[in-house]
Engineer: 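Just dropping this structure here.
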Amino acid sequence: MCGIVGYVGEKQATPVLIEGLKKLEYRGYDSAGIAVFNGESILVRKAKGALKFLEEKIADETIKGSLGIGHTRWATHGEPSDTNAHPHLNADGTISIVHNGIIENYADLKEKLQAKGVVFKSQTDTEVIVHMISEKYNQEKDIFKAVLGVCRELEGSYALGVVCKDFPDRLVCVRKESPLVVGLGKGENFIASDVPALLEHTRDVYYLGEKEAAVLYADHVDLFNLDGEKIIKEPSHVEWDLAAAEKNGYPHFMLKEIFEQPKGLTDTMRPHIVKNAQGVPVDVTFEEMKINEEWKTAKRVVITACGTAYHAGVVAKYAFERFARLKVDVDVASEFRYRDPILDKDDIFIVVSQSGETADTLSAMRLAKKQGLKVCAITNCVGSTVSREADEVIYTLAGPEIAVASTKAYTTQICCLYLLAIKAGLLRGTLTQEEATKLLKEMEEIPAKIQSVLENKETIQKFASLQLNKNKIFYIGRLFDAASSMESALKLKEVSYMHSESFPAGELKHGPIALIDNSTLVVAIATEPELYDKIGSNMVEVRSRGATVLVITQDDKNLFEGKTDEVFAIPEVSSSLASIVSIVPAQLFAYYCAVLKGFDPDKPKNLAKSVTVE
C-alpha cells in the first residue's frame, strides 16, 4: 500500500502535497516524492526514507506551481531508493505519474517497451505505466484518452494520478482495486488515497468506484468509466473532522487510538441496542441489514478476513457457537480464495476489514458472491470497496485509525460481531430474553471497564520496562482467551519487533514448552473461571522452567498467587465478553515495549495500514 495525493487549483501545490502526505505516511514510508508543474516543466523531487527526508531536501528550494501530485511509498517492486521512489517521469519529462497497487503483467509490458528502445531508470512496475502512457499520448495527443488506453492493458491493481505538461489545467486519476478519493473544494480539487489527507481542505468527496476515472480541473470534476463515458454520482459528506485524525496531545496515534476505544465502542453499539420503555436493553437491531429467517435456518457462518480482522473473526467463532449454537468457519482470506472452498447458498458469509480495501478479503467476498451467497461486511470506512460491493454493511464507528497496528478497529469489530451473535441467538431461540438482556447490559458497561484499565496504564508501562531483555514472548489462553492471545502476540511483534507467538494453553506440552527458559516471558490471559485451575497449571509448568509469567485476569481471589510474577487485573466481566477488555492491557504492553525500545509504534517497519495488493 502506498499513499497518493494530488492538487489542482489556485494555491501553491507543494505545501498542499506535503501536508497531505503527512496524513498518509502511515500508508508507506520507504520513500516520498512530489511532482509539480511550474509553468514550464514538471519538477520532480523525491527521497528515500520517511517524509522528513524529502522535506529536508526541498527546504531551501521554492517549487512554484498549482498542479501537482505526491506519493509516499511502501516498496513492492524495487528496493527503497531515490530512483525507485515516485513520482516517475517519461523519457522527455512531460508526463509524471504516481501509483498505488501492483501491475501483475509489468514484466511482459516492460520487455515489449525495451524492445522498442525504451530505457528504464528504476526497478518499479510503475515506470512501465508512465512509458506506456507516453507512447499512447504520442498517438492520441489527449492525456485522458492515453491513460484510459493504457489501463485496458494493465493487469493487477492500481490507483493512478497523472499530470501532463501539455495539459496544465487538469489532473487525471483512475482506480482499479486500489482506493482513491476525490476531494471537492472551491476553486481547487484534490485526490488522495484516504480521507485524512483531504480534511484540512474539504469534507465533500467522491469515492471513486471500481474501474472509474476522474479529470480534475480547478473549478469542476468530471467522472468517467473506463470506456470514457461520463458518469454522474452524488458526492459524499465526511462527518468526522480533522481533529479526529490528529494526535491531540498524545505522543503517538497508537496510544491515542487505544484511549479512544471506550468512545468508539459506545458509538458503535449505541445504534444497535434496542431498549424498552424502562430503558432496559431487550434486543439488537441492524437497520442496514435484513436479519430474519435466513439466520434462523442457517447451519453455518463463514467469516473471512486478514490479520487483526481475522483474529476478531476467531473471537466471533466462540461467540456465535456459544450464543447461537451456529457452526462457524473462520478463514484467512488469502487462503480462502485459492482453496476452492465448499460453500452452501444458505451459509451466512461475513467479511471483516478495517479499511474495506484489503485485496485478499475483497477477492474472497467476490468469490462468495459469485457462488450465490449474500455477503455481510463489517468495516470502518464508509464508501470503501467492501462497503459498496457487499449486500449488507455494518459500520464500526471507531473514527479514523491512523496507526498501522490496529487497536480501536479491532475492539469495535468484535463489538459488532458480538451483537450479531446475540441477535442470532435470540432469533434461533438459543438465548433467552433474560440471557440476552444480561449480555447487552454488560456490553453497555464495557467502555467504562476499559476506561478503568486505561487509568491503570502505568502498571503495564512499568512491567514492559522490566521485560525488554526477553527474546521470546509466548501468549497463552483457553477458549476466548486463546483467540485473544493471537491478537496480543501480533500487536507485540508488529510494533516492538520482539519475537512473540500465541498458543492455546493446552498445546504447550505438545511442543512449545521445549523453548521455555529464563529468556522467556509468558503472558497468560485468564478470563474463563472454570478453567483457572488448568491455566494455573500451565503457569507453574513454564515458571518452573525459568519463564517470567504475567497473567491478565479478572480473578479477584488470588487464585494465581505463587504461580505468576505479575498480575494485571481487569474489571469483572462475563467470560463470553471479556475479549474486548482483556486485549487492552496487551495493546498497552505492545505500545510501551515499542516506545521503550526506541521504535515508532505508528509506523512499524515493512508494514502498511491496509494491504491493498497481494
Side-chain angles (χ1 to χ4, degrees), residues 1-28 32-38 42 51 54 63-72 86-87 96-100 143-144 147 158-164 167-175 178-209 212-224 233-246 357 381-384 400 402:
M1 182 178 69
C2 305
I4 289 173
V5 293
Y7 177 81
V8 58
E10 301 166 355
K11 297 176 184 173
Q12 293 299 312
T14 299
V16 175
L17 298 175
I18 294 296
E19 287 306 309
L21 290 177
K22 287 180 181 178
K23 304 295 191 303
L24 296 179
E25 198 174 9
Y26 66 91
R27 296 180 67 90
I34 59 172
V36 177
F37 179 66
N38 68 357
I42 298 174
L51 180 62
L54 173 64
I63 302 175
K64 292 186 177 181
S66 57
L67 171 68
I69 50 179
H71 190 271
T72 182
H86 298 212
S96 182
I97 75 166
V98 288
H99 168 222
N100 174 28
I143 188 61
F144 179 60
V147 171
Y158 52 81
L160 301 175
V162 184
V163 294
C164 178
F167 293 85
D169 64 337
R170 69 197 66 176
L171 167 60
V172 177
C173 65
V174 61
R175 67 150 296 201
S178 292
L180 202 59
V181 185
V182 175
L184 305 174
K186 294 181 179 179
E188 58 187 1
N189 290 297
F190 314 81
I191 62 170
S193 295
D194 204 353
V195 169
L198 305 174
L199 289 180
E200 185 177 342
H201 310 284
T202 182
R203 290 199 219 171
D204 295 317
V205 302
Y206 289 125
Y207 294 101
L208 283 192
E212 288 182 357
V215 181
L216 286 68
Y217 304 85
D219 59 354
H220 72 285
V221 173
D222 293 326
L223 303 177
F224 302 87
K233 63 166 65 179
E234 289 296 315
S236 300
H237 185 75
V238 179
E239 296 296 336
W240 44 273
D241 58 21
L242 183 61
E246 299 291 351
E357 303 291 350
C381 294
V382 177
S384 62
I402 305 301

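The first residue of the sequence shown is numbered 1, and numbering continues consecutively from there.
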Engineer: Between D222 and V215, is there a donor-acceptor pair closer than 3.5 Å when you use the side chain of the first and the backbone of the second?
Structural biologist: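 Judged by distance alone, no pair lies under 3.5 Å.
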Engineer: Mind listing the closest non-hydrogen atom pair of R175 and S178 along with its distance?
Structural biologist: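 In this case the closest contact between R175 and S178 is NE-O, 3.0 Å.
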Engineer: In Å, rounded to the nearest 0.5 Å, how long is the span from CD1 of I42 to CG of L67?
Structural biologist: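 Answer for the CD1-CG pair, I42 versus L67, is 7.5 Å.
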Engineer: Is there a side chain to side chain contact (heavy atoms under 4.5 Å, CB included) between V162 and V174 once you walk through the steps?
Structural biologist: CA-CA 9 Å; V162 184; V174 61; over 6 Å; no
Engineer: May I ask you to decide if A218's main-chain N or O and E188's side chain share a donor-acceptor pair within less than 3.5 Å?
Structural biologist: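 The answer is no, because no donor-acceptor pair under 3.5 Å joins these two groups.
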Engineer: Which residues satisfy the ring-ring contact (aromatic ring centres under 6.0 Å, His included) test with H220, sequence neighbours excluded?
Structural biologist: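 Per chain and number, H220 pairs via ring-ring contact (aromatic ring centres under 6.0 Å, His included) with Y217.
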Engineer: For A214, check side-chain contact (heavy atoms from CB on, under 4.5 Å) against everything at least two apart and list the hits.
Structural biologist: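 Only C173, V182, L208, L216, V221, L223 meet the side-chain contact (heavy atoms from CB on, under 4.5 Å) criterion with A214.
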Engineer: D219: what forms a side-chain hydrogen bond (donor to acceptor under 3.5 Å, both in side chains) with it, not counting sequence neighbours?
Structural biologist: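 With neighbours one apart ignored, the set is empty.
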Engineer: Which heavy-atom pair separates A32 from L51 by the least distance, and what is that distance?
Structural biologist: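 Heavy-atom minimum between the residues: CB-CD1, 3.8 Å.
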Engineer: Just how far is it from atom CD1 of I18 to atom CD1 of I63, taken to the nearest 0.5 Å?
Structural biologist: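 With rounding to 0.5 Å, CD1 (I18) is 8.0 Å from CD1 (I63).
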Engineer: Considering residues at least two apart in sequence or located in another chain, which fulfil the side-chain hydrogen bond (donor to acceptor under 3.5 Å, both in side chains) criterion with E212?
Structural biologist: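 Partners of E212 by the side-chain hydrogen bond (donor to acceptor under 3.5 Å, both in side chains) criterion, ordered by chain and then number, come out as K233.
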Engineer: Let's go through L171 and Y7 carefully: what are the C-alpha distance in whole Å and the side-chain angles of both, what is the deciding distance for side chain to side chain contact (heavy atoms under 4.5 Å, CB included) to 0.1 Å, and is it a yes or a no?
Structural biologist: CA-CA 8 Å; L171 167 60; Y7 177 81; 6.0 Å; no
Engineer: Using a 3.5 Å distance criterion without hydrogens, assess whether the side chain of S193 forms a donor-acceptor pair with backbone atoms of I4.
Structural biologist: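 Yes, the answer is positive, given that a donor and an acceptor are paired below the 3.5 Å cut-off.
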Engineer: According to side-chain contact (heavy atoms from CB on, under 4.5 Å), who are the partners of P235, at least two apart in sequence or on a separate chain?
Structural biologist: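 Residues passing side-chain contact (heavy atoms from CB on, under 4.5 Å) with P235: L184, Y206.
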Engineer: Taking all heavy atoms of A197 and all of G20, pick out the closest pair and write down the distance.
Structural biologist: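 The answer is CB-O, 3.6 Å.
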Engineer: Nearest 0.5 angstrom please: S66 OG to K11 NZ, how far?
Structural biologist: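 Here the interatomic distance stands at 12.0 Å.
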Engineer: The criterion is ring-ring contact (aromatic ring centres under 6.0 Å, His included); which residues satisfy it with F167, sequence neighbours excluded?
Structural biologist: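 F167 satisfies ring-ring contact (aromatic ring centres under 6.0 Å, His included) with no other residue.
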Engineer: Please confirm whether the backbone N or O of P87 pairs with a side-chain atom of S96, one donor and one acceptor, at under 3.5 Å?
Structural biologist: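 Side chain of S96 to backbone of P87, a donor-acceptor pair under 3.5 Å: no, none is there.
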Engineer: Applying ring-ring contact (aromatic ring centres under 6.0 Å, His included), name anything that partners H86, two or more places apart in sequence or on another chain.
Structural biologist: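 With sequence neighbours excluded, H86 shows a ring-ring contact (aromatic ring centres under 6.0 Å, His included) to H71, H88, given in chain and number order.
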Engineer: Measure across L24 and A192 and return the closest heavy-atom pair with its distance rounded to 0.1 Å.
Structural biologist: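 Distance-wise, the nearest heavy atoms are CD1-CB, 4.5 Å.
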Engineer: Apply side-chain contact (heavy atoms from CB on, under 4.5 Å) to K186 and list each qualifying residue two or more places apart in sequence or on a separate chain.
Structural biologist: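 Result, side-chain contact (heavy atoms from CB on, under 4.5 Å) vs K186: none returned.
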Engineer: State which residues pass salt bridge (Lys or Arg N to Asp or Glu O under 4.0 Å) with D169; sequence neighbours excluded, sorted by chain then number.
Structural biologist: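 Here no residue qualifies.
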Engineer: Quick one: salt bridge (Lys or Arg N to Asp or Glu O under 4.0 Å) partners of K64, sequence neighbours excluded?
Structural biologist: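 So K64 forms no salt bridge (Lys or Arg N to Asp or Glu O under 4.0 Å) with any residue.
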Engineer: Could I get the full list of ring-ring contact (aromatic ring centres under 6.0 Å, His included) partners for F37, not counting sequence neighbours?
Structural biologist: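 Not a single residue meets the ring-ring contact (aromatic ring centres under 6.0 Å, His included) criterion with F37.
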Engineer: Quick one: which of I69, V98, L21 gives a side-chain contact (heavy atoms from CB on, under 4.5 Å) with I34?
Structural biologist: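 With I34 as partner, I69, V98, L21 yield a single side-chain contact (heavy atoms from CB on, under 4.5 Å), made by L21.
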Engineer: What residues form a side-chain contact (heavy atoms from CB on, under 4.5 Å) with E19, not counting sequence neighbours?
Structural biologist: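 With sequence neighbours excluded, E19 shows a side-chain contact (heavy atoms from CB on, under 4.5 Å) to K22, K23, E200, given in chain and number order.
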